[in-house]
Amino acid sequence: MKIFSNPQTIQKSIKNLKLKKQTIGFVPTMGALHQGHISLIRRAKKENDIVVVSIFVNPAQFGPKEDLKSYPKPFVKDVKLCKKEGVDIIFAPKPESMYPKNYLTYINVEKLSGTMCGKARPGHFRGVATVVTKLFNIVQPDKAYFGLKDYQQSVIIKKITEDLNYPVKIITCPTIREKSGLALSSRNAYLSKEELNKALSISDSLKKAKELIENKKIKPVKNIVLEIKKIIKPVTDKIDYIEIRDAETLVEIKDNIDRKVVIAIAAYVGKTRLIDNIVVKPR
Ligand code: AMP
């Protein structure tokens, strides 16, 4: 397994691999790897000759009051995990090599970036879109793997590749959860035992919403949101949003759930902002 930190050096190495007709599968991460990330790596291993994992806590996607400084960075452990999974290349650049002092170019996906998490975290998706575009240019993957845990992010990245004609196939992979239902996240490391218990209410409420829509045939958005609130309000200090949107376009569903939708929640448990979602199709 090779580890690169310099964008130009990895670019050259990838060029050589491509000349040898090797296919490149790419898994972008911010490190602190868990089974969610591993599931993407395993899928990439199955479908490509070479698997590249990037580990980069991207400053451009953090707001000034967010957890950039405290974000976990267990690099040595991450490297070991990647090695164990048979990753071929790790790309772990320094922030200054991705964003040198004279850096000026940013990617913005209109509309999609300003809703849901984009509303609560202004500039977040501009940072995500920019770094993913840069990483695609550096790694030049045939396929890139993203988790549905970050649903809005996956829709935005698909849009970028479509709009900018990127020759990369975006593969989305299911959310990996604890047995309890809690979606795995690097940020779960911030939670105390008691908070971990409270956090369960988010996945519980999504499960309940799915059951109400698919089995009990309840369609009004209003009712579903109410049921979700009943479960999560007693345990979270702050709900950023509970949204029901078209699963493909993220257009807001206002009245009745009449198509495949994503129900997405962002809420704080203590000081930690958690997100989760579920895709539901009324029968
Ligand atoms: P992150 O390191 O949080 O930026 O995540 C890197 C990639 O892993 C993104 O595509 C995430 O959607 C994906 N990911 C994070 N958590 C999970 C999870 N629990 N299940 C599946 N994919 C995940």
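Values below: every heavy atom of this structure, side chains too, minus hydrogens, waters and symmetry copies. Residues take their numbers from the sequence shown, with the count starting at 1. Indexing begins at 1, ligand by ligand and atom by atom, following the structure's order.
Annotation: side chain of Cys117 is in contact with side chain of Ile275 (closest heavy-atom distance under 4.5 Å). Annotation: side chain of Thr29 is not in contact with side chain of Leu40 (no heavy-atom distance under 4.5 Å).
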Report, one line per pair, each donor and acceptor closer than 3.5 Å where one atom sits in a side chain of residues 192-201; sequence neighbours left out.
{"residue": "Ser192", "atom": "OG", "partner": "Glu195", "partner atom": "N", "Å": "3.1"}
{"residue": "Glu195", "atom": "OE1", "partner": "Ser192", "partner atom": "N", "Å": "3.0"}
{"residue": "Ser201", "atom": "OG", "partner": "Lys198", "partner atom": "O", "Å": "2.8"}

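Which parts of ligand 1 touch Pro28 is read off a 4.0 Å heavy-atom cut-off, strictly below it: atoms 6 (C), 7 (C). Residue Phe146 has at least one heavy-atom neighbour below 4.0 Å for each of these atoms of ligand 1: 10 (O). In the vicinity of Thr29, heavy-atom distances shorter than 4.0 Å reach the ligand 1 atoms 2 (O), 6 (C).
At a 3.5 angstrom cut-off on N or O pairs, Leu184 counts as close to ligand 1. Of the polar atoms of His37, at least one N or O is found under 3.5 Å from an N or O of ligand 1, judged by distance alone.
In this structure, the side chain of Asn188 engages the main chain of Ala183 through a donor-acceptor pair within 3.5 Å. Distance alone, capped at 3.5 Å, is enough to place a donor-acceptor pair between the Ser205 side chain and the Ile202 backbone.
By the 6.0 Å and 45° rule, Lys134 stacks over the aromatic ring of Tyr99.
Residue, atom and distance of the protein heavy atom nearest to atom 20 (N) of ligand 1 are Ile176 N, 2.8 Å. For atom 21 (C) of ligand 1, the nearest protein heavy atom (residue, atom name, distance) is Pro174 O, 3.4 Å. Nearest protein heavy-atom contact of atom 12 (O) of ligand 1 is Asp150 OD2, 2.6 Å.
Of the candidates Ser154, Gly147, Ala144, Ala183, it is Gly147 that places a heavy atom closest to atom 22 (N) of ligand 1. Looking at His34, Gln61, Met30, it is Met30 that brings a heavy atom closest to atom 4 (O) of ligand 1. Evaluated by nearest non-hydrogen atom to atom 13 (C) of ligand 1, the leading choice among Leu40, Ile41, Val27 is Leu40.
Taking every heavy atom of both residues into account, Arg121 and Glu66 meet most closely at NH2-OE1, 2.7 Å.
Legend: ring-ring contact (aromatic ring centres under 6.0 Å, His included) pairs involving residues 17-59, not counting sequence neighbours, sorted by first then second residue: His34-His37.
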